[in-house]
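To start, the structure under review is shown below, and the notes come after it.
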Amino acid sequence: MMSRLATREWFTARVSACALIAKGFGRLTSDQQESHLQHYASLCRDDAPMVRRVAAHHLGTLLQNVVKTIGPRSVGQDGMVTTSLLTLYEELAANDQPDSV
């Protein structure tokens, strides 16, 4: 369901997907976690500023759930936090986006 919401045309579905992926990350299988993290990354880079704003808002929740689910190895040099989530944070915090979040 979260994958379908994340790829819908209407921004309201994508906004809902941001919250659901962030809160439900711990209940996913490892394959689903990878897939949903890719969906979340695309939501952070979405064309609609409303979607990017909600994705930025829920990024902290997602980060906490990733660390809680995967453990300390997620924050290591090759961990999911360092390779994926930190990059998303830097992109969202950058001022070079046309409609800043």
Side-chain angles (χ1 to χ4, degrees):
M1 178 177 80
M2 290 186 280
S3 297
R4 286 183 287 159
L5 285 173
T7 57
R8 291 284 182 195
E9 183 178 344
W10 293 91
F11 79 92
T12 52
R14 296 191 311 268
V15 164
S16 298
C18 292
L20 289 172
I21 291 171
K23 300 225 188 257
F25 188 83
R27 296 182 176 162
L28 302 172
T29 65
S30 60
D31 292 336
Q32 289 174 330
Q33 288 174 352
E34 291 291 329
S35 170
H36 285 72
L37 191 62
Q38 291 173 357
H39 285 304
Y40 199 85
S42 69
L43 292 169
C44 288
R45 298 178 183 107
D46 198 271
D47 292 335
M50 295 82 61
V51 177
R52 291 195 312 265
R53 186 176 298 118
V54 172
H57 177 77
H58 290 288
L59 189 59
T61 304
L62 179 62
L63 176 79
Q64 289 176 343
N65 287 334
V66 166
V67 172
K68 199 181 300 183
T69 303
I70 298 175
R73 64 186 168 96
S74 66
V75 293
Q77 186 174 5
D78 294 328
M80 189 178 289
V81 172
T82 309
T83 58
S84 300
L85 297 177
L86 189 58
T87 306
L88 292 175
Y89 174 77
E90 290 170 348
E91 288 176 16
L92 289 168
N95 290 330
D96 59 348
Q97 295 180 0
D99 296 317
S100 65
V101 179

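Only a predicted model underlies this, so the values are computations on that prediction, with no experimental measurement involved.
With rounding to the nearest 0.5 Å, the separation of CG in Asp46 from CZ in Arg14 is 4.0 Å. In this structure, the separation between OG1 on Thr29 and NE2 on His36 is 9.0 Å, given to the nearest 0.5 Å. Rounded to the nearest 0.5 angstrom, Asp47 CG and Phe11 CZ are separated by 13.5 Å. Of the inter-residue distances, the one linking Leu62 atom CG with Leu37 atom CG reads 6.0 Å to the nearest 0.5 angstrom.
Residues His58 and Tyr40 are in side-chain contact: their nearest non-hydrogen atoms beyond the backbone lie under 4.5 Å apart. Looking at heavy atoms from C-beta onward, Arg45 lies in side-chain contact with Leu88 at the 4.5 angstrom threshold. When side chains are defined from C-beta on, Met50 does not count as touching Val54, because their heavy atoms never get closer than 4.5 Å.
When atom types are taken as modelled, the side chain of Ser35 and the backbone of Asp31 share no donor-acceptor pair closer than 3.5 angstrom. Panel note: side chain Asn65, backbone Gly26; no donor-acceptor pair is recorded below 3.5 Å. Of the possible polar contacts, none joining the Arg52 side chain to the Leu43 backbone as a donor-acceptor pair under 3.5 Å is found.
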